[in-house]
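Please read the structure below before turning to the comments.
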Amino acid sequence: MASEERTQEILKELRDAVVNYDEDKVVEWSNIAIDEGVDPFVATIDGLADGMIEVGDLYNKKEYFVPELLMCSDALYAGLDILKPAIEASGRKPEAKGSIVLGVVEGDVHDIGKNLIKMMFEVAGWTVYDLGKDVPLEKFLEEQLRTDCDIVGLSALMTTSMVSMPEIIKKLKEKNPNVRIMLGGAPITPEVVEKYGADGFAQSAGTAVDEAIRLIKMLKEEEMGK
Amino acid sequence: MNSELNSRERVLRFFGKEEIDRVPVFSGMGNVTVHGLEKYSWKFADIHVEAHKMAGMAASTFQLFGFECAVVPFDMGVEAEALGAGVNFYSTHTDVVYPTISKKVAEKVEDLDIRVPSDLAKAGRIPLVTEAIRLLKEEVGSQVAIGAWVLGPYTLAGQLVDIGDLAKMAFKKTDMVHELLDTLAGVLIEISRIYREAGADYMTIREMGAGPDILSPRIFKTLIRPHLEQIFDAIESPKILHICGSTDSIIEEMALCGADGVSVDQKNNAAESRKKIGNELLLLGNFDPYGPMVQMDASQVGQVIKKCIDDGVDALWPGCDFWPDVKKENMEALIAAAQKYGKL
Ligand code: B12
């Protein structure tokens, strides 16, 4: 077993390696973590995922841009490939945080932002069902019913594709009043969310997951209240 | 200055830095409207694939409203298609859906083996766009300036391969990406030449996929700018560089690419940009083609336009393609505002 001090050092190396998008270092320190008996779950959450949260901050501060984010995410996944089997072997089931169906609405191919959102949800331990881009409206409905996900996230970067959102929101809510709907993309504002009858919104990859958790909590409280 | 300048003369004199009566109001990007579609009862999906419809629509915004240009093409698939990508035109849709790339040439940059067609003039829809330019020249060429545009090399690369892989390779295998952009710059120079030869009066290069919403200013300088310079060195004037989104942090770099003017959208602080780039280079912009033209009341358009002029733009020019469902009254207000506030 690694000492507390050594554990902290390993976690820091993992965090830094993710922030510096250094895949080799991530692999090296993930292996060290396992060899020296650091709980792989802790290494994942307080090491890799913590690093990714810092990356999200750097992106919001415009110190990092899209390529940096994608490379950090590759580094993170390289570490997960090593730590995940170890977590499973330990018999510990990481609690699923929630699930989200995600896609860019029909007629719109702008998927850079959606892919960043996907990554942040995965990092946070969510199950993500990614429908991709240019997704027909019915597809969101089908996938929600199939997976019974907590959240449906709709992305649109164009004002024309955005206007198809109310219809899908209405249909989703009809079929499943408990599903929470989040919107995102440059033309989306809190006013649009309100007007379209959706539940939540995030301006950037940095805040999306917190917003989703808030929505689910609200839903649970409502249900308890009943 | 005699006030008899027609739109064509005004725009060409503007580019030639000759005296003009007022600030021109035009664009280097698509500006079709639903009103043009209605006039002809054409489907949006067809105007990308039939030369006479492309030409007719390109001229329609000038004919209906006096917007001072006729610009082709309208979609971002032309160059990629000529290099082997598939394009979805959404031909069964009756409403306005812009064509998209349905099949990339390769997933990864390293698997991309670009075969440049020996005769680009015959590749994909390039002959169709060229034909549309010829038709425009014939039909409205004496009244209005004809513009054409191509994507910038990085944005085009993003149409050919997975854009995420491209972004990562820009860091990890910079030389490989340089080589790709070099090839694509060559293709774009040739397409620009073909369009100019057919009768286009000015070219716009749209490198919107490489702005600070996506790439860092540092990468813009080291990876993107050299290939834009390569293009602007080789093509004839008038030539404009367009990048939309946040551009304040790269406007000086944009100014160094060798274009005659830079085009930015409403996210750019045009007054600051004017100071940064000086008065020699043209600054084209920067009204939002959506909010003021589609959503706002026509009475508010004048203020938006006045602000652009106060900020020091040389031409009133939208930040992106016009959004087709602009309101008639707003188009009229736009032209009226150019006449009112744009007097020189
Ligand atoms: C790159 C780009 C393209 C690329 C897209 C490549 C790709 N695979 O994505 C290409 C070249 C293909 C392209 C094509 C077109 N484009 Co374009 N494009 C852009 C550009 C430059 C950047 C968009 C981007 O990726 N931003 C970076 C990402 C990280 O930000 P983001 O998407 O906003 O995402 C963040 C948040 O919004 C949020 N978020 C996003 N989704 C979600 C979802 C959820 C659930 C949540 C919670 C949060 C969330 O988190 C993300 C991360 O922080 C913008 C202009 C600009 N600079 O913004 C124009 C822009 C979006 N494009 C525009 C246009 C008009 C087009 C075309 C129609 C042009 C044409 N003539 O064909 C075509 C569209 C074709 C089609 N049918 O889709 C216009 C749209 C105008 C409007 N009013 O609607 C824009 C705004 C340009 C402009 N200035 O007007 N484009």
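For the numbers below, each heavy atom of this structure counts, side chains included, while hydrogens, waters and symmetry mates do not. So that the names make sense, note that chain A is the first sequence line, chain B the second, and so on, each numbered from 1.
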Could you list each donor and acceptor atom pair linking chain A to chain B at less than 3.5 Å?
unit_1, atom_1, unit_2, atom_2, d
A/E23, OE2, B/K172, NZ, 3.4
A/V66, N, B/I214, O, 3.0
A/D74, OD1, B/K168, NZ, 3.3
A/D74, OD2, B/K168, NZ, 2.8
A/D134, OD1, B/Y90, OH, 3.3
A/D134, OD2, B/Y90, OH, 2.3

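Here the closest heavy-atom approach between residue B/A167 and residue A/P67 is recorded as O-CB, 3.3 Å. Residue A/F65 comes nearest to B/P217 through the heavy atom pair CZ-CD, 3.5 Å, listed as atom of the first residue, atom of the second, then distance.
Both the backbone and the side chain of A/L70 come within contact range of chain B, with heavy atoms under 4.5 Å apart. Only the side chain of B/I163 comes within less than 4.5 Å of a heavy atom in chain A; its backbone stays farther off.
In this structure, B/I101 and A/V109 have side chains that are not in contact, with every pair of non-hydrogen atoms separated by 4.5 Å or more.
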